[in-house]
There are 2 protein chains.
Amino acid sequence: MAECEHVHEGPAGLTGRDLNHALSQADDRCARAGERMTQPRRRALALLLEAGRPMKAYDLIDIFGEDGRAAKPPTVYRALDFLSRQGLAHRIESLNAYVACEMGERRHAAAFLICDCCGATEEIEPFAPERVQAAAADAGYLIDRVTIEAHGRCPACL
Amino acid sequence: MAECEHVHEGPAGLTGRDLNHALSQADDRCARAGERMTQPRRRALALLLEAGRPMKAYDLIDIFGEDGRAAKPPTVYRALDFLSRQGLAHRIESLNAYVACEMGERRHAAAFLICDCCGATEEIEPFAPERVQAAAADAGYLIDRVTIEAHGRCPACL
DNA sequence: CGATGCGTGTTATAATGTATCGTTGCTTCT
DNA sequence: AGAAGCAACGATACATTATAACACGCATCG
Ligand SMILES: [Zn+2]
Ligand SMILES: [Zn+2]
Ligand SMILES: [Zn+2]
Ligand SMILES: [Zn+2]
């Protein structure tokens, strides 16, 4: 997002039927987990799914209202925290951004490939989780959450 | 740093002779790299080495002046950026904090074990770098920087 | 000597994230 | 139905984290 000025139209996010389907699945998943998919939570997830790429909290805040009005920060931060807890979205620490989970069912650890040129990201399976545990065990640590974020260039940015 | 309220005296950082030695090594390393170890850069590194644990930028800002006066934010952020570029310190994204590099010579990729109870961190060798490259290659990405931060409990915090 | 590059100091401001409090709307119990 | 308990919400204010912009000093190089 800094170095080259290629502009690639990203793969874009979900729209129409696909979007509604994904939201319905999220509804189901919350219901099964005994959690409440409220209006602001659903709206935040919809925005992330539509975007199809990492979004900053304040980008969401600016476009949150269906009527074009901005939301108050706590509204969006609370929704994003909820979505992260449920595994419906992930926070990308190195970008201060959030992205809808692309890996379907179940809460899970995630890892990301991130293009520093165009901002595209790809969620991948965390590699070598057993090696993490081994390294932690060597040092006597008990690990419950691992952040893995690999920065570079996507295929389109060479 | 949130859940349990144990207070463990951390392993603490460097002092006296050890501190001066580490700073001299950093001086040498910059000289060899053709970079300038200026006063604010050296001061920032000294504070990180003394602390021996991750420090927030504004914690450094508050104690930056030898005379007890605070520094201006850009002074410290620039110094931290420099130290990160040289591999003399690392930024920990999930904490918004910085820590002196514990792995001696050469710029290198890093990984961290982080105790969410007491704030202790341990720099470890990044695990499975070949698997990162493989995963990236599968997706067509070319990676140049990987963030790995494992959160949990240190031995002292159970 | 300019001219260029790099680092600094300073001011101001931008971007990101939380604390708190009163209200609302369920669910559960009586 | 009514009351109590709880989770989420909306709003205000505030805290924390980070950068932009510009003037200056001081080296290096033609
Ligand atoms: Zn996911
Ligand atoms: Zn790209
Ligand atoms: Zn290191
Ligand atoms: Zn600990």
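Since this is a predicted model, take the numbers as computed values, not measurements. Naming: A, B, ... by sequence-line order, numbering from 1 per chain. Just so you know, these numbers use all the heavy atoms, side chains as well, and skip hydrogens, waters and symmetry mates.
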field: Side chain to side chain, A/Leu80 and A/Arg91, heavy atoms closer than 4.5 Å
entry: no
field: Any A/Lys56 side-chain nitrogen or oxygen under 4.0 Å from OP1 or OP2 of C/dA15
entry: no
query: Given D/dC9, D/dA11, C/dT16, which nucleotide is nearest the side-chain atoms of A/Lys72?
result: D/dA11
Plane angle bin for A/Phe127 and B/Phe127 - parallel if under 30°, tilted between 30 and 60°, otherwise perpendicular: tilted
message: Between B/Arg42 and B/Glu66, does any NZ, NE, NH1 or NH2 come within less than 4.0 Å of an OD or OE carboxylate oxygen?
response: no
field: Sugar-phosphate, base or nothing in reach of A/Pro40, heavy atoms under 4.0 Å
entry: sugar-phosphate
message: Let's see if you can work this out: which of D/dA8, C/dT16, C/dT10 has an atom nearest to the side-chain heavy atoms of B/Thr75?
response: C/dT10
field: Minimum-distance nucleotide to A/Arg78 side chain [options: D/dC9, C/dA19, C/dG17]
entry: D/dC9
B/Ala57, nearest nucleotide to its side chain (from D/dA18, D/dA11, C/dT8): D/dA18
field: Presence of donor-acceptor pair under 3.5 Å, side chain of B/Tyr58 and base of D/dA18
entry: yes
- request: Please check the phosphate of C/dG17 (OP1 and OP2 only) for any side-chain N or O of A/Asn96 closer than 4.0 Å.
  value: yes
task: Report the distance from atom CE of A/Met55 to atom P of C/dA15, rounded to the nearest whole Å.
output: 15 Å
field: Interatomic distance, A/Ile61 CD1 vs C/dA15 P [rounded to whole Å]
entry: 12 Å
- request: Can you figure out which of C/dT18, C/dG17, D/dT19 approaches the side chain of A/Arg91 most closely?
  value: C/dG17
- prompt: When you look at A/His90 and A/Thr121, which way does the side chain to side chain contact (heavy atoms under 4.5 Å, CB included) test go after all the steps?
  reply: CA-CA 12 Å; A/His90 302 289; A/Thr121 68; over 6 Å; no
statement: Residue pair B/Tyr98/B/Arg36 against DNA chain D: nearer the 5' end by closest nucleotide is B/Tyr98
message: Side-chain N or O of B/Arg41 versus OP1/OP2 of C/dC6: is the shortest distance under 4.0 Å?
response: no
- prompt: CG of A/Asp81 versus C1' of D/dA7: gap in Å, rounded?
  reply: 15 Å
field: Protein-nucleotide distance (A/Glu35, atom CD; D/dA8, atom P), rounded to Å
entry: 7 Å
